[in-house]
Amino acid sequence: MDGSVHLEMRYGATNYAPLPVTIVRGQGVYLWDDRGRPYVDMMGAYSAASFGHSHPRLVRALTDQARQLDTVSRAYFNDRLGAFLARACALTGMDLALPMNSGAEAVETALKAARKWAYKVKGVPDGRAEIIVCDGNFHGRTIAIVGFSSVAQYRDGFGPFPPGFRSVPFGDAAALRAAITPNTAAFLVEPIQGEGGIIVPPQGYLAEVARVCREHDVLLICDEIQSGLGRTGKLLACQHDGVTPDAVTLGKALGGGLLPVSLFLARREVMQVFSPGDHGSTFGGNPIAAAVGLAALDMLIEEGLVERSARLGAHLLARLRAIENPVIREVRGRGLFAGVELDRDSASAATVATKLLQAGVLTKDTHRNTIRFAPPLIIEEAQIDWVTDRVAEVLDELARADAHP
């Protein structure tokens, strides 16, 4: 055990269980460990590293801004935030944006906005607003958010939880319609459930959800923190169904893999419920975050990364689906956001992730015994081919072991 790992294990809280590798350097789609061994990063830091590691353009944006001006209070204007917010609104079709840091903070902002909109605009009686979410959701780890999670571990030991949330099955628009009451403020949904196991809803689901929400004067809020910014082959995953929601949360890739940057974006009617002092963040919208966020958005469009994700994502899914192995139950995904669900009786996704690590591929298991693949959008076709060859080899090894215990 090297010194850094020993110190982390000695002084760090045990809220993570890292795989047995110590990463010391990153460039593009590759990461290197402390022994100099390279790995292809198919994890992408849960979509935070969508532009690859240490991208020169993003590093330059960060360092140039840090030399000029770092953090100042939002009690003053700064010369970087406006352009960032304008670009984000123009790309997403939203009217206004509120900057935060982490994805969970963006979701918390969305929850506050939805409730206040319900009281001030829709006319829901004070303290009665409800927000509908989906079974299998993952929107962060704050008390309010884990309170409406359907994963027992995320809730265990953290109650009591704030009331006002109802959960319906993901992918079932009829269930949403049945759950709506006059007090329903919003429906919060991931267009694709990432942590839930890369679950893609039926085609047309979000379009029908949008119709239901409009009929009942309910806000549609799409959590695009993992699925947005080109990850699925569209700028936003909700665009696969031609949907423009009432509000969107963005994060992860927005910080270019360099620092936490998030946004809550919404229609003017929704965002105008906030008055000075209602909500804020010390670091949200700081000049460095704004400079990096603007550079990330510009890169996404100027370098054609959305279209690249669509093209290479189709190749990744085709290669994964071409693996003939009884260990595989299903391959799911869209764009460069894919999951391989494994037969629990034949293979553990955690074991496969460890074996892929040994083969030079960094990924991670998630719910439903699924291996997640979300590489940087700059990945090349040849790198995808190399990775999927390693996946096939690892699964073949497991299948042979299962056949001859």
Does [atom1] in [X] sit with more than 12 non-hydrogen atoms of other residues, nucleotides or ligands closer than 6.0 Å?
X: Glu393; atom1: CD; value: yes
X: Arg37; atom1: CZ; value: yes
X: Glu302; atom1: CD; value: yes
X: Phe165; atom1: CZ; value: yes
X: Glu215; atom1: CD; value: yes
X: Arg57; atom1: CZ; value: yes
X: Lys234; atom1: NZ; value: no
X: Glu8; atom1: CD; value: no

Is the closest side-chain heavy-atom distance between [X] and [Y] below 4.5 Å?
X: Ile198; Y: Phe337; result: yes
X: Ser262; Y: Thr249; result: no
X: Leu362; Y: Leu19; result: no
X: Phe264; Y: Glu105; result: no
X: Phe84; Y: Leu263; result: yes
X: Met94; Y: Met271; result: no
X: Ser346; Y: Leu398; result: no

Trace of the side chain to side chain contact (heavy atoms under 4.5 Å, CB included) decision for Phe138 with Gln193
CA-CA 7 Å; Phe138 184 83; Gln193 289 189 333; over 6 Å; no
What distance separates [X] [atom1] from [Y] [atom2], expressed to the nearest 0.5 Å?
X: Ser281; Y: Leu98; atom1: OG; atom2: CG; value: 9.0 Å
X: Ile371; Y: Leu320; atom1: CD1; atom2: CG; value: 11.0 Å
X: Leu317; Y: Ile384; atom1: CG; atom2: CD1; value: 9.5 Å
X: Leu342; Y: Arg368; atom1: CG; atom2: CZ; value: 12.0 Å
X: Ile378; Y: His53; atom1: CD1; atom2: NE2; value: 8.5 Å
X: Asp241; Y: Cys222; atom1: CG; atom2: SG; value: 9.5 Å

Regarding [X] and [Y], do their side chains bring together a donor and an acceptor under 3.5 Å, going by distance alone?
X: His216; Y: Thr184; value: no
X: Asn325; Y: Asp396; value: yes
X: Arg332; Y: Thr370; value: yes
X: Thr181; Y: Glu130; value: yes

Salt bridge present between [X] and [Y] (N-O < 4.0 angstrom):
X: Arg308; Y: Glu380; value: yes
X: Arg372; Y: Glu195; value: yes
X: Glu397; Y: Arg400; value: no

For the pair [X] (side chain) and [Y] (backbone), establish whether a donor and an acceptor sit closer than 3.5 Å, ignoring hydrogens and angles.
X: Ser167; Y: Asp135; result: yes
X: Asp95; Y: Arg268; result: yes
X: Ser149; Y: Ile145; result: no
X: Tyr119; Y: Ala129; result: yes
X: Asp41; Y: Val29; result: no
X: Lys116; Y: Phe274; result: no

Nearest non-hydrogen partners of Leu250 and Ala106, listed with the distance
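Scanning both residues, the minimum pair turns out to be O-CB, 4.3 Å.
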Using the rule given for side chain to side chain contact (heavy atoms under 4.5 Å, CB included), can you reason through Thr109 versus His279, listing the C-alpha separation, both sets of side-chain angles and the distance that settles it, and then say yes or no?
CA-CA 8 Å; Thr109 304; His279 192 57; 2.7 Å; yes
Would you check, one step at a time, whether the test side chain to side chain contact (heavy atoms under 4.5 Å, CB included) holds for Val352 with Asp365?
CA-CA 8 Å; Val352 172; Asp365 60 298; over 6 Å; no
So Cys134 and Phe187, side chain to side chain contact (heavy atoms under 4.5 Å, CB included) or not? Walk me through it.
CA-CA 9 Å; Cys134 285; Phe187 178 48; 3.5 Å; yes
